[in-house]
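Just below is one structure, and these are the notes that go with it.
Letters go in sequence order (proteins before strands), and every chain restarts at 1.
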Protein chains: 2
Amino acid sequence: MTDRRLEFIQIAEKYKPKMQIETVRPLNGVPTKALKDGDSVIFDFGNHYVGHVKLCLSSVGSHQDAPAFIKVKFCEAERELNEDSSNYQGWISKGWIQEEWIHADVLPTVLELPRRYAFRYVKVEVLAVSGKYSLVIDSVEADTITSAQENGLATCEGLTDMEKRIDEVAIRTLRNCMQDVFEDGPKRDRRLWIGDLRLQALANYATFGQNDLVKRCLYLFAGTADENDRVRSCLFTEPEIEGDDTYMFDYSLFFIDTLLSYYKETKDIETVLDLYDTATRQLEIAKEYFDEKHVMKDSDVLGWCFLDWNLGLNKQAGAQAVYIYSEKAMIELAHIVLEHGSENVSIQDIESMKTDVANKICAAREHLFDETKCLFVSGENKQVSYAANAWAVLAGIWDDEKNAEILAALEKETNAEMMVTPYMHHHYVEALLSCGEKEKAYKHMTSYWGGMIENGADTFYELYNPENPFESPYGSSIVNSYCHAWSCTPTYLMRMCGLTEGNLS
Amino acid sequence: MTDRRLEFIQIAEKYKPKMQIETVRPLNGVPTKALKDGDSVIFDFGNHYVGHVKLCLSSVGSHQDAPAFIKVKFCEAERELNEDSSNYQGWISKGWIQEEWIHADVLPTVLELPRRYAFRYVKVEVLAVSGKYSLVIDSVEADTITSAQENGLATCEGLTDMEKRIDEVAIRTLRNCMQDVFEDGPKRDRRLWIGDLRLQALANYATFGQNDLVKRCLYLFAGTADENDRVRSCLFTEPEIEGDDTYMFDYSLFFIDTLLSYYKETKDIETVLDLYDTATRQLEIAKEYFDEKHVMKDSDVLGWCFLDWNLGLNKQAGAQAVYIYSEKAMIELAHIVLEHGSENVSIQDIESMKTDVANKICAAREHLFDETKCLFVSGENKQVSYAANAWAVLAGIWDDEKNAEILAALEKETNAEMMVTPYMHHHYVEALLSCGEKEKAYKHMTSYWGGMIENGADTFYELYNPENPFESPYGSSIVNSYCHAWSCTPTYLMRMCGLTEGNLS
């Protein structure tokens, strides 16, 4: 297999998307005022954009007799405008904060900032001019960039006004994350994560339909798999394509489901045949995490399995469920491959997977399910969580009826570990949908994603807690990402899963 | 005359110097250590340079997963390394502080900083990397820039070791200020001032002999004179050639002496003929500053006349002396022009100037001289200052014998306003020399400029008070300029005026 990785990368590079550039200008124009030390101006572009910003600066008064020194800050959310990076003590890199300190020796000048930013607001603060001249901002514009092609966007009829707005914001989120790959967030981390990719692909099928970008990303993950052919959690494309050295149990497995969904959408059997072995390998590697009773071994290693951005969450039961979910997808893939005459799989392989999935299901029912509570429990402390139970429902460990009971019990359970990310909320909504709880699913979707809109979102966030809208797991919300791919799924839920008011009755 | 200004600029542009680029590297090489948040490295280039710096950066550890954020600081003097710009409250622009904040999104990268800096030390401080990687500085180099041509540098025999060192540092100061024009300081203000030009030209005659650069600067001043043909104190060459809107009594007059010295060195009569009217005009304008008794009217306007960077200095007597000094130079110029058959001047004009200079001398003796003290006094409060008396000596208001007495009296006067700048110290040394006090002149030169060397100077400073070496008139020494043209004159004093130990006896 290892020899094929280079080939996979080459195929991925063939599907490098063409970037769409559009120049935009702030809604509020430019100030007529000449600026002195301490003055600042906020430019509001009216929506979330990703791109390169250009400032035309000049001076009034006497000839510029000292360098102009300015700070330029890029904010996705209005809140960021008042956050002070000098106080940042969070645990992820301060380097993510989008601000620059710039000296202009000679005015007039055109400052073409070389870096790409994600922003709606641009704040320019004058740190120093001199007593003899003032700074003038003649114009501000941005060359926005995305690989999403607006003219390929599928229309969607029959949405209510609120649904339309959710759909728009979801699509904008997806669009601004569609760059050279499906990025997780254009502010941060600006790279391809498989957990995000899986959901972005679904939203893309419902909207832009740029399936070659999904294909590219699948080949990139296969091409950067490690020496054991394990798919990494994320990968970098610059300066060269390289996989990250982090692995997460669920993320590696999601390669399978992402490939399956891609096939269902595109019927591109060639890609499935190319990447089938990589998919199989993820299941084989995951198998080693189980004990002899087919129960997932628990782990204290931080981030061994993701599920949600909740440091208190025990991952055992959720991981068992994701495995089952993924093995079922693998079986589907195996059937597809077999039908196309591949020698990579046999009926025996499929039977063996079916036996394995039954074993894992039985083990989950026997060892991870609390009959009294009608809930899955996880880890030594029998933790109840939305993550584990939603995934158990999605994995179909029980039937739809019981799954509905589980989700009802979950709602009543006051000690349940809650969800932190739109990513997990998406899976919860899918779980509700999967067992027929369409109304609850709809209500949850509209209140959660609608809540972000009420909170002023132009794009959906990486993290959103309705009780504390700007909560951050990083020690400061200044590094939060307010346009984050994994939150773009309402467009998929409404367009592909029929989760609209019109479809409720 | 106004029509000729454009022509003067065009001539100046013909003499735009060719820049000399040389690549240099720090003495201490690059650190082998990988850098984390808070780490910093100081690169010592071993001498003062002006130029563009290039940093090659890479990473070790996992793949770079967040932008590297660094601060790069450029220091002329070691002292600046520990000065914190965030505390700067001085009254000139903070924009002069040579530091940059830079994000590197993709490593490895070559950071070619676009601005020009004046420095010996470059400090790189890591503000943020991430837990997963460290920053590595693979190399640091600078493309240094000057218009001084090293191979044209005149040698000078017979200097003592200390004199050699003073000569070297003076030449380095001159060299690093020789750019597209004679700049005052390559850190600050990076522009052409006539007070500096006059002294730089002298030092240049003694060393590099790049007389076309002097010519260029003379034409620039004439070409940027205002609608009354008054020469401005300084001018800018970027984005286009433009005179500043400041005027100083002495600076405008120094156009005359600078032109005369240029002629004496070059015998370039064409330039003198071109610029003669501009020179005449400066005297005519200055004439208006006198009252009917031929005494300079005093003024409270800050900076109306420069003399020295001393806010407590009264300028009346010094201005009277500079006028006399300049009118004498004008008379010399008039003779030269007359000899070359110019119709711009007549014997009558010269006679009229001679009468005027005699009137100004008499008035100075009568109204500005305190016979009891044997010192010139200035302003309402009869202030005694080194500036006024040194200029009175240079102007030859009395004869050499009395001038020597004046300078002796000055030494003993405990209330005299002292000198602040090497610029004024130069004039004091010249004053001592002019009246035969060669030994005192030599002692003053070696102790003052030698003191800067003992203080660690690689180039001579804008300001130097031996009692308080890092004194600043700006509210903080962080904006002081440590390579400042007007302090480059010891090479002139030693080479052209014979001010060396070997010449004392």
Side-chain angles (χ1 to χ4, degrees), chain A residues 37 58-59 61-71 85-86 88 90-109 113-116 126-133 135 188-191 224 232 234-246 479, chain B residues 37 58-59 61-71 85-86 88 90-109 113-116 126-133 135 188-191 224 232 234-246 479:
Chain A
D37 289 16
S58 65
S59 64
S62 296
H63 190 107
Q64 182 196 14
D65 64 338
F69 183 29
I70 61 171
K71 182 174 167 185
S85 62
S86 65
Y88 178 70
W91 60 269
I92 62 167
S93 177
K94 190 172 180 161
W96 288 119
I97 301 169
Q98 301 182 117
E99 52 189 3
E100 308 295 345
W101 286 258
I102 297 161
H103 292 88
D105 288 323
V106 179
L107 294 175
T109 191
L113 305 182
R115 304 177 69 214
R116 199 196 73 182
V126 178
L127 300 178
V129 283
S130 85
K132 295 199 68 178
Y133 78 97
L135 185 73
R188 209 210 80 242
D189 309 324
R190 307 186 199 168
R191 60 183 189 261
T224 57
R232 298 158 191 272
C234 70
L235 60 86
F236 302 92
T237 52
E238 283 188 298
E240 285 168 4
I241 290 162
E242 190 181 346
D244 191 15
D245 55 5
T246 45
V479 289
Chain B
D37 289 17
S58 64
S59 64
S62 297
H63 190 107
Q64 182 195 13
D65 64 337
F69 183 31
I70 61 171
K71 182 175 167 185
S85 62
S86 66
Y88 178 70
W91 61 269
I92 62 167
S93 177
K94 189 173 183 162
W96 287 118
I97 302 170
Q98 302 183 116
E99 51 189 2
E100 308 294 347
W101 286 257
I102 298 161
H103 292 89
D105 288 323
V106 179
L107 296 175
T109 192
L113 304 182
R115 304 177 69 214
R116 198 195 75 184
V126 178
L127 300 178
V129 283
S130 84
K132 294 199 68 178
Y133 79 96
L135 184 74
R188 209 211 79 243
D189 309 324
R190 309 186 198 167
R191 61 182 188 264
T224 57
R232 299 157 190 270
C234 70
L235 60 85
F236 302 91
T237 52
E238 282 187 300
E240 285 169 3
I241 291 162
E242 189 181 348
D244 192 15
D245 55 5
T246 47
V479 290

Residue pair A:Phe236, B:Asp65: steps toward the side chain to side chain contact (heavy atoms under 4.5 Å, CB included) verdict: CA-CA 8 Å; A:Phe236 302 92; B:Asp65 64 337; 3.9 Å; yes

In terms of heavy-atom pairs under 4.5 Å with chain A, which of B:Ser62, B:Ala128, B:Pro67, B:Ala68 leads? B:Pro67

Is it the side chain or the backbone of [X] that comes within 4.5 Å of chain A heavy atoms, both, or neither?
X	value
B:Arg188	neither
B:Ile97	backbone
B:Glu240	backbone
B:Asp37	neither

Using a strict cut-off of less than 4.0 Å between a Lys/Arg side-chain nitrogen and an Asp/Glu carboxylate oxygen, indicate whether B:Asp105 and A:Arg116 qualify as a salt bridge.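 Judged by the 4.0 Å cut-off on N to carboxylate O distance, B:Asp105 and A:Arg116 do not form a salt bridge.
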
Can B:Lys132 and A:Asp245 be counted as an ion pair, charged N to O under 4.0 angstrom? yes

Per-residue tally against chain B (heavy atom, under 4.5 Å) across A:Gly131, A:Pro108, A:Ser130, A:Pro239 peaks at A:Pro239

Specify which of A:Lys94, A:Arg115, A:Glu242 makes the most heavy-atom pairs with chain B at under 4.5 Å. A:Arg115

Do A:His103 and B:Pro114 make a side-chain contact, defined as non-hydrogen atoms from C-beta onward lying under 4.5 Å apart? no

About how many Å separate CH2 of B:Trp101 and CD of A:Glu99, when rounded to the nearest 0.5 Å?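 Spacing of CD (A:Glu99) from CH2 (B:Trp101) equals 11.0 Å.
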
Looking at CG of B:Leu107 and CD of A:Glu238, how far apart are the two atoms once the value is rounded to the nearest 0.5 Å? 11.5 Å

Show the numbers, then the answer: is there a side chain to side chain contact (heavy atoms under 4.5 Å, CB included) between B:His63 and A:Leu235? CA-CA 9 Å; B:His63 190 107; A:Leu235 60 86; over 6 Å; no

Checking A:Arg190 against chain B: side chain, backbone, both or neither under 4.5 Å from a heavy atom?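 The side chain, not the backbone.
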
